[in-house]
Protein chains: 4
Amino acid sequence: MATTLSKPAQPPRSRDADKSQRSILAAALEEFAQSGFAGARVDRIAEQAGVNKRLIYYYFGNKDDLFLAVLERTYADIRAAEQALHLDAMDPVEAVRQLVSFTWRYYLEHPEFITLLNSENLHQAVHLKQSARIQEMNSPLVQLLADVLERGRQQGLFRDGVDPIQLYISIASICYFYLSNNATLSAIFGRDLKAPKALAQRLSHMTEMVLGYVLR
Amino acid sequence: MATTLSKPAQPPRSRDADKSQRSILAAALEEFAQSGFAGARVDRIAEQAGVNKRLIYYYFGNKDDLFLAVLERTYADIRAAEQALHLDAMDPVEAVRQLVSFTWRYYLEHPEFITLLNSENLHQAVHLKQSARIQEMNSPLVQLLADVLERGRQQGLFRDGVDPIQLYISIASICYFYLSNNATLSAIFGRDLKAPKALAQRLSHMTEMVLGYVLR
Amino acid sequence: MATTLSKPAQPPRSRDADKSQRSILAAALEEFAQSGFAGARVDRIAEQAGVNKRLIYYYFGNKDDLFLAVLERTYADIRAAEQALHLDAMDPVEAVRQLVSFTWRYYLEHPEFITLLNSENLHQAVHLKQSARIQEMNSPLVQLLADVLERGRQQGLFRDGVDPIQLYISIASICYFYLSNNATLSAIFGRDLKAPKALAQRLSHMTEMVLGYVLR
Amino acid sequence: MATTLSKPAQPPRSRDADKSQRSILAAALEEFAQSGFAGARVDRIAEQAGVNKRLIYYYFGNKDDLFLAVLERTYADIRAAEQALHLDAMDPVEAVRQLVSFTWRYYLEHPEFITLLNSENLHQAVHLKQSARIQEMNSPLVQLLADVLERGRQQGLFRDGVDPIQLYISIASICYFYLSNNATLSAIFGRDLKAPKALAQRLSHMTEMVLGYVLR
DNA sequence: TATGAATGAGTGTTCATTCAT
DNA sequence: GATGAATGAACACTCATTCAT
């Protein structure tokens with residue numbers, strides 16, 4: 001844990017420890033994403049990580065704490081990705097367009113994020129509520145979206161009185177729900193809503209809908 | 001044991017059988033809604049239903065089949081509620097407004113619907129895919145919404161090219177996500193998104209958003 | 001559980017259940033007596049009882065409750081044995097003599113009683129404290145001894161001011177300690193304190209000591 | 001790390017080694033006394049001692065050997081305390097009185113002695129039997145008590161034929177049992193047998209009993 | 001002398017399910 | 001139509017101990 005400044009190149013004993021922890025975390029992410037918290041098996045995580053099961057408890061305490069670690073890591077990842085979006089550098093219309101497509105793409109490329117959140121919400125966020133780093137999970141996009149909306153309004157492009165938090169949640173909603181509930185929706189509509197064409201149509205609709213709403 | 005005075009001809013056993021089945025189904029709905037499929041316990045269902053555990057298997061085969069039965073029943077319930085909406089009798093703007101508020105209210109008053117769907121989607125709709133009555137689950141609202149959109153377009157009120165399926169899904173999305181992910185959202189935003197005032201603001205935003213999109 | 005008075009001879013379904021419970025209890029007594037609470041293994045109890053391990057939990061809840069059941073049964077046994085002693089029918093000297101020898105013999109013939117109590121005291125009586133039947137465990141001998149002491153005093157045989165509770169505990173002490181600590185005492189003294197001759201000498205000493213104290 | 005100013009010639013490492021060993025022994029005593037052998041946790045001992053767990057094995061071999069070391073140390077302590085008693089310098093009656101009260105006080109002030117012995121006897125003295133220093137554990141008090149009894153007899157105060165070993169064991173019994181079985185006794189009698197007043201009454205009774213026995 | 005990393009063999013407990021009546 | 005008894009397979013978690021440095 002303690003690192004010495006004098007020997008930065010030489011990886012001391014903790015090298016393998018780091019590797020083990022990362023292996024466990026990666027395996028846990030996969031397992032929890034696939035089966036949810038209740039369905040996940042600690043044995044499978046250990047096997048997948050290539051470590052002794054006992055080591056999981058050595059490093060992470062128990063299944064719940066491991067799940068929280070995975071969850072925090074997942075949130076950290078999406079927040080990092082959001083940093084790369086520079087909505088402030090775009091004109092308002094483009095910014096909204098980019099926000100929708102970024103959200104959509106991120107969920108599409110990170111199905112584990114959706115499964116993890118689904119499972120966590122099924123259990124009333126018991127893990128997340130105990131997180132000490134919960135503040136860091138608040139998205140910076142809410143504030144950036146507020147700025148975009150204000151700029152659009154001042155330029156006479158956007159309507160008045162749009163609540164950035166509500167809009168942020170709505171954008172997340174239309175992207176998330178389509179993917180999180182894809183299995184039941186596909187079953188009921190009797191067609192594959194994850195086919196490339198269907199996905200493209202969905203993105204097009206969502207962009208139109210959000211812009212249709214905010215534009216005067 | 002229980003005898004019915006009104007229908008003496010009917011064998012009393014079948015009445016008890018019906019009662020048992022209904023008790024089981026009701027208890028199962030509550031248990032699955034509360035804990036999801038994986039977290040639900042057959043023992044608790046039996047206890048809550050006041051019947052012997054073996055009876056559950058006698059009537060419903062196994063836990064998976066019981067879950068499917070609950071799911072089908074839940075879909076039947078929402079479809080029945082949708083029948084009571086008469087979008088065809090309203091002018092287009094009012095029809096859209098009613099559709100949003102109905103969807104919102106139904107999800108709000110039937111949290112079990114959301115939990116059940118969340119759990120089912122976590123498991124890739126394995127149960128639903130095996131349902132023989134899957135066609136009946138398709139919402140009649142999609143067709144009704146298509147009619148409303150067409151009427152609005154002909155009256156020059158609504159924009160062109162709105163896909164009714166996409167819009168239907170989007171309306172469901174914005175209502176569903178806010179509630180299904182309420183626990184994590186509340187934790188992260190650090191405030192109670194289920195407070196009465198927050199709920200009213202949400203409905204108002206959603207109605208504005210949908211109308212803002214469809215209106216020319 | 002419910003027994004019908006009309007068919008006393010016919011053992012209904014609960015016959016096997018009773019047998020299973022008795023098997024479990026007997027095996028648990030042996031295992032707990034041999035290894036104490038912490039060292040006892042539920043697996044071994046199941047195997048010894050010839051039942052599925054799950055059945056132990058079905059009938060007794062968990063290891064702690066099973067231990068308490070064994071403990072309560074053990075106390076019930078010794079109380080039953082005490083009922084057979086009729087100190088009130090003996091003259092005071094003989095009564096004291098009999099009390100000592102009964103206590104000694106009972107402990108000697110029921111080593112499980114000592115092991116069980118040792119283990120329970122090691123854990124600060126956590127199980128016993130939760131017993132609902134704790135009152136029934138109070139020995140009737142305390143009251144009987146009080147009567148004996150009073151009779152002996154009135155006959156001018158016994159000394160004044162002997163507290164029956166203290167004496168009862170002291171009699172238990174000298175019998176119990178010699179047996180409970182036999183292993184360490186034998187090791188330290190370098191001889192077998194459980195040899196027949198040693199046991200006889202011990203009983204003789206204890207009787208002398210108690211009588212030497214109470215007699216004027 | 002720690003350097004001693006008084007003995008600079010002595011290699012500092014061995015001082016640390018001593019310190020570590022003493023820390024381990026002290027922590028082990030506490031842990032074994034609190035939980036018995038089976039319930040004690042090597043991890044807790046290491047943590048409490050502030051040393052790495054591996055060091056325990058380095059110095060003491062394994063858990064059993066560590067327990068034996070603690071046990072031997074505990075016996076050494078009580079023997080040392082007994083040395084301070086000078087029964088040979090007292091008149092016989094006072095000597096007996098002092099022996100009882102010393103035994104009582106020592107057990108009262110060293111509850112770990114009782115727990116350790118209880119645990120060891122639960123396991124049939126497996127550790128003690130393997131001790132090489134077992135002879136040193138024999139109490140010098142047995143011989144001293146023999147002398148006291150003989151002196152008392154010669155002065156016409158004490159009765160004839162009192163076996164010093166038996167009496168020594170009996171004195172230990174009445175002191176030990178009351179404390180070792182305090183938890184179950186308190187639970188059954190429904191009152192706190194460790195309350196100061198109860199303790200005083202107990203000592204008084206024990207002294208009376210022993211003197212009542214040995215005095216002519 | 002000292003330690004962080006790692007592990008095999010359990011440990012109590014749980015679960016959906018079936019047997020026998 | 002209904003039930004108490006019984007089970008095999010798995011579950012999260014623990015423990016004393018050893019490895020590698």
Side-chain angles (χ1 to χ4, degrees), chain A residues 1-2 12-21 38-46 51-64 66, chain B residues 1 11-21 38-46 51-59 61-64 66, chain C residues 1 12-21 38-46 51-59 61-64 66, chain D residues 1 11-21 38-46 51-59 61-64 66:
Chain A
M1 239 163 244
R13 309 172 202 188
S14 67
R15 246 320 42 168
D16 284 330
D18 281 5
K19 190 183 153 199
S20 293
Q21 290 188 47
R41 297 292 162 247
V42 177
D43 285 81
R44 281 202 293 258
I45 294 173
V51 305
N52 185 282
K53 186 171 42 161
R54 183 64 187 78
L55 207 57
I56 293 178
Y57 293 90
Y58 182 67
Y59 283 123
F60 294 93
N62 57 30
K63 194 185 177 185
D64 288 88
L66 177 58
Chain B
M1 241 167 245
R13 284 184 209 168
S14 80
R15 298 233 73 173
D16 276 20
D18 276 9
K19 190 183 154 200
S20 292
Q21 289 191 47
R41 296 292 164 249
V42 176
D43 286 80
R44 281 201 291 258
I45 294 172
V51 305
N52 185 278
K53 190 167 37 161
R54 187 65 187 80
L55 209 56
I56 293 177
Y57 291 90
Y58 183 74
Y59 282 125
N62 59 26
K63 193 185 179 185
D64 288 270
L66 177 58
Chain C
M1 236 163 245
R13 309 174 203 186
S14 65
R15 234 2 344 201
D16 285 329
D18 280 4
K19 190 183 153 198
S20 293
Q21 290 188 48
R41 296 293 162 248
V42 177
D43 286 83
R44 282 201 291 258
I45 294 173
V51 306
N52 185 282
K53 189 169 41 157
R54 183 62 187 81
L55 207 57
I56 293 177
Y57 292 89
Y58 182 66
Y59 283 122
N62 58 29
K63 194 185 179 185
D64 288 86
L66 178 58
Chain D
M1 239 166 249
R13 282 186 210 167
S14 80
R15 299 233 71 171
D16 277 18
D18 276 9
K19 190 183 154 200
S20 291
Q21 289 189 47
R41 297 292 163 249
V42 176
D43 286 80
R44 281 201 292 258
I45 294 173
V51 306
N52 185 279
K53 189 167 37 160
R54 187 66 187 79
L55 209 56
I56 294 177
Y57 290 90
Y58 183 75
Y59 283 125
N62 58 27
K63 193 187 179 184
D64 289 271
L66 177 58

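Throughout, protein chains are lettered first and strands after them, A, B, ... in sequence-line order, and every chain is numbered starting at 1. These numbers come from the heavy atoms of this one structure, side chains and all, not from hydrogens, waters or symmetry mates.
For D:Lys63 (side chain) and D:Tyr57 (main-chain N/O), no donor-acceptor pair under 3.5 Å exists by modelled atom type.
In terms of heavy-atom proximity, B:Ala38 sits nearest to A:Gly39 at CB-N, 4.5 Å. Between A:Ile56 and A:Val51 the shortest heavy-atom distance is CG1-CG2, 4.5 Å.
Counting non-hydrogen atoms under 4.0 angstrom, A:Phe60 reaches nothing in the nucleic acid. Within 4.0 Å (heavy atoms only), C:Tyr59 reaches sugar-phosphate atoms of the nucleic acid but no base atom.
A:Tyr58 has its OH atom 17 Å from the P atom of F:dT17, to the nearest Å. Distance C:Leu55 CG to F:dG4 C1': 11 Å, rounded to the nearest Å.
A search for side chain to side chain contact (heavy atoms under 4.5 Å, CB included) contacts involving A:Tyr58 returns A:Arg54, A:Leu55, not counting sequence neighbours. Considering only residues two or more places apart in sequence or on other chains, B:Lys53 meets the side chain to side chain donor-acceptor pair (under 3.5 Å) condition with B:Asp43. Partners of B:Arg44 according to the side chain to side chain donor-acceptor pair (under 3.5 Å) rule, which considers only residues two or more places apart in sequence or in another chain, are B:Glu31. Residues forming a side chain to side chain donor-acceptor pair (under 3.5 Å) with C:Asp64 (at least two apart in sequence, or on another chain): C:His127.
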Each base of DNA chain E marked ( ) or [ ] if paired in-strand (Watson-Crick or G-U under 3.5 Å), | if paired to another strand and . if unpaired gives .||||||||||||||||||||
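The shortest distance between the side-chain N/O atoms of B:Ser20 and the OP1/OP2 oxygens of F:dA2 is below 4.0 Å.
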B/S/- contact track for nucleotides 9-16 of chain E, protein heavy atom under 4.0 Å: -BSBBBBS
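Side-chain contact between A:Leu66 and A:Ile45: present, with at least one pair of heavy atoms (C-beta onward) separated by less than 4.5 Å.
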